[in-house]
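Accompanying notes for the structure given below.
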Number of protein chains: 2
Amino acid sequence: MKRAKQKIFQDYIARQGLKSTRQRDIILDAFLSSDRHLSIEELYLKLRAKHPNIGYATVYRTLKLFAESGIAREIHFGDGQTRYEHVSEGEHHDHLVCTGCGTIIEFENESIEKLQDEVAVAHGFLIKHHKLELYGLCAKCRP
Amino acid sequence: MKRAKQKIFQDYIARQGLKSTRQRDIILDAFLSSDRHLSIEELYLKLRAKHPNIGYATVYRTLKLFAESGIAREIHFGDGQTRYEHVSEGEHHDHLVCTGCGTIIEFENESIEKLQDEVAVAHGFLIKHHKLELYGLCAKCRP
DNA sequence: TTGTTATTGATATTCACTTTCATCACAGCC
DNA sequence: GGCTGTGATGAAAGTGAATATCAATAACAA
C-alpha cells in the first residue's frame, strides 16, 4: 500500500522530468504514515520535530505534487485550512465531521452516489466529482 | 416572502438590543432582491453603484448578522470566497455547481437525506447539518 | 435635547496560503 | 571522480479575503 504509492509518486516525478530529493522522500514518508486528514501546517509541524531544516513552502509544494500525482487529494472542511487525504485507486468516500472534537470518519454509500447521478441527469449535468459532508457530534461527543 | 424575512431580521435586531440603521435596510433590500449566491465582494460592488458611501466592512458585518438572524447562510464552494444564500423556513437544499460557467443550481432530494441519516445512525453520529455539492458541467457547458 | 451606546467606514491587521529569488543539490556527461 | 545544466529549496516578501481597530457618527430612550 505504502510502497505502491511511493512508486506512483516516483513514477510521476520521473515522467514530469522532476527530481527525486531528500525532502520529498521525507515528506512522502511522513504523509503516508500519518493520519488521513492533515493540513499543511500540521504536517509541517510534525516534520519540524525531526527535520527542522525543511521549510513550510517545501511541504506546501510537495503536498500539491502529491495531489497532482494522484496519491493525495485536497479537502476543505470550511475551517479555513486546506487538508490533504490519502487517495486509493478507484476509491471514493465522504466524511462525517465531528464539530465537537474534530474527528473525521470516512464512509462510502453506493445508494447515495446513485441518487446523486440521477439528480445530475435530471438537470442535464455531467458530474466530475462531488463532496458530501455530514457535520454533527460523534458518539463520544453527543450529549 | 421578502417581507417575512425583513420582519425576521427586524425582530432579531430588536431582540438583541441592536439598532435599525439606514445601511442595514439598504443592504437587506439588496440582498433579498438579488441572486441567491452572492459573495461579500459581489454584494458590496452591487451596492456601491447606488450607495458609494457604504463600506465593505459594513456589508461584511451585516451579512454575518443576516446569518445569525436565520435569513441567510454562509456557503463555501472552495473558490476562496464566502458566499451567502437565502434561507427559507424549514427548507434545505444542496447544490449543483458548474465548473465551466459558475452557474449554481439548487436541488432537494428526500431520499438522499434519508440515506444520510442512516449513515449517521450507523456511526453513532448526531447530525447538525450537512453539505452536498455536485461539481461538473451544466447542460450548456458540457461538450 | 441630551446622554448613552451601537454603528459606521477608513484603515490596519491577520491568516493561510502563494510567489520570488538567490543558493543549493540532483542527474547526466565526460 | 569532477563539470554542468536544471530543477529544488527555504527565507522572506507578496496576495487576497476576512476580521479587528478606532475615532467619528447616528439611533434610541429618557
Side-chain angles (χ1 to χ4, degrees), chain A residues 9-31 37-69 72-84 102, chain B residues 9-31 37-69 72-84 102:
Chain A
F9 182 63
Q10 305 302 354
D11 288 354
Y12 177 77
I13 287 293
R15 202 170 343 115
Q16 302 291 313
L18 305 177
K19 288 171 181 170
S20 163
T21 69
R22 219 174 60 79
Q23 287 89 334
R24 285 179 181 163
D25 289 347
I26 293 169
I27 297 171
L28 178 57
D29 192 65
F31 175 69
H37 305 87
L38 286 178
S39 65
I40 304 171
E41 179 85 13
E42 285 165 347
L43 186 53
Y44 170 63
L45 290 177
K46 182 177 167 174
L47 280 164
R48 233 160 163 273
K50 282 210 163 184
H51 308 276
N53 50 326
I54 290 185
Y56 179 96
T58 301
V59 177
Y60 159 77
R61 284 182 291 229
T62 305
L63 281 172
K64 274 228 171 319
L65 272 186
F66 291 170
E68 283 167 28
S69 76
R73 182 190 295 128
E74 287 191 4
I75 45 176
H76 299 271
F77 287 133
D79 62 349
Q81 290 211 203
T82 301
R83 287 159 194 287
Y84 286 83
Chain B
F9 183 62
Q10 305 303 352
D11 288 354
Y12 178 78
I13 287 293
R15 200 169 345 112
Q16 302 290 314
L18 305 176
K19 290 169 181 170
S20 164
T21 70
R22 219 173 61 77
Q23 286 89 335
R24 284 179 181 162
D25 289 348
I26 293 169
I27 298 171
L28 178 56
D29 192 64
F31 176 68
H37 306 88
L38 286 177
S39 65
I40 303 172
E41 180 83 12
E42 284 165 347
L43 186 52
Y44 170 64
L45 291 177
K46 182 176 166 175
L47 280 164
R48 233 159 163 276
K50 282 210 165 187
H51 308 276
N53 49 326
I54 289 184
Y56 179 95
T58 301
V59 177
Y60 159 76
R61 285 181 294 228
T62 305
L63 282 172
K64 273 229 169 321
L65 273 186
F66 292 170
E68 283 167 29
S69 76
R73 184 190 293 128
E74 285 190 5
I75 44 176
H76 300 270
F77 288 132
D79 62 350
Q81 289 211 204
T82 301
R83 287 159 196 287
Y84 285 84

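Within every chain, numbering begins at 1; the chains are lettered A, B, ... in the order of the sequence lines, protein sequences first and strands thereafter. This structure is a prediction, so every number in the text was calculated from the model and none was measured. Note: hydrogens, waters and symmetry copies are ignored here, and every other heavy atom, side chains too, is used.
When the C1' atom of dA11(D) is taken as reference, atom CZ of Arg48(A) falls 12 Å away, rounded to whole Å. Remark: C1' of dG7(D) and NZ of Lys64(A) are 19 Å apart, rounded to the nearest angstrom. Distance CD (Glu42(A)) to C1' (dC17(C)): 15 Å, rounded to an integer number of Å. With rounding to whole Å, Leu63(B) atom CG is found 11 Å from dT19(D) atom P. Taking atom NE2 of His51(B) as the reference point, atom P of dT8(C) lies 14 Å away to the nearest angstrom. Regarding Leu65(B), its CG atom lies at a distance of 14 Å from the C1' atom of dT19(D), rounded to whole Å. Taking atom CD of Glu68(B) as the reference point, atom C1' of dT19(D) lies 14 Å away to the nearest angstrom. Remark: P of dA16(C) and CZ of Arg83(A) are 11 Å apart, rounded to the nearest angstrom.
Taking the six-membered ring where the residue is Trp, Tyr44(B) and Tyr56(B) present perpendicular rings, their angle passing 60° and hence far from 30°.
Asp25(B) CG to Leu28(B) CG: the interatomic distance, rounded to the nearest 0.5 Å, is 7.0 Å. Rounding to the nearest 0.5 Å gives a distance of 8.0 Å between CD of Gln23(B) and OG1 of Thr62(B). Atom CZ in Arg22(A) sits 10.5 Å away from atom CD1 in Ile27(A) (nearest 0.5 Å). Once rounded to the nearest 0.5 Å, the distance linking CZ of Arg83(B) with CD of Glu42(B) reads 5.0 Å. In this structure, CG on Asn53(A) lies 9.5 Å from OG1 on Thr58(A), to the nearest 0.5 angstrom.
Taking the six-membered ring for Trp and the full ring otherwise, the centers of Tyr84(B) and Phe66(B) sit at least 6.0 Å from each other.
Residues from residues 52-62 of chain B placing a heavy atom under 4.0 Å of any atom in DNA chain D, listed by number, are Tyr56(B), Ala57(B), Tyr60(B), Arg61(B). Within residues 16-27 of chain B, the residues that have a heavy atom under 4.0 Å from DNA chain D are, in order of number, Lys19(B), Ser20(B).
Counting any heavy atom pair closer than 4.0 Å across all strands shown, Thr82(B) reaches sugar-phosphate atoms only and no base atom. Among the protein residues, Gln81(B) comes within range of the sugar-phosphate backbone only, with heavy atoms under 4.0 Å from sugar or phosphate atoms but none that close to a base.
Taking the side chain as every heavy atom from C-beta outward, Leu65(B) and Gln16(B) never approach each other to under 4.5 Å.
In this structure, Arg48(B) places its CZ atom where only 12 or fewer heavy-atom neighbours from other residues, nucleotides or ligands lie under 6.0 Å away.
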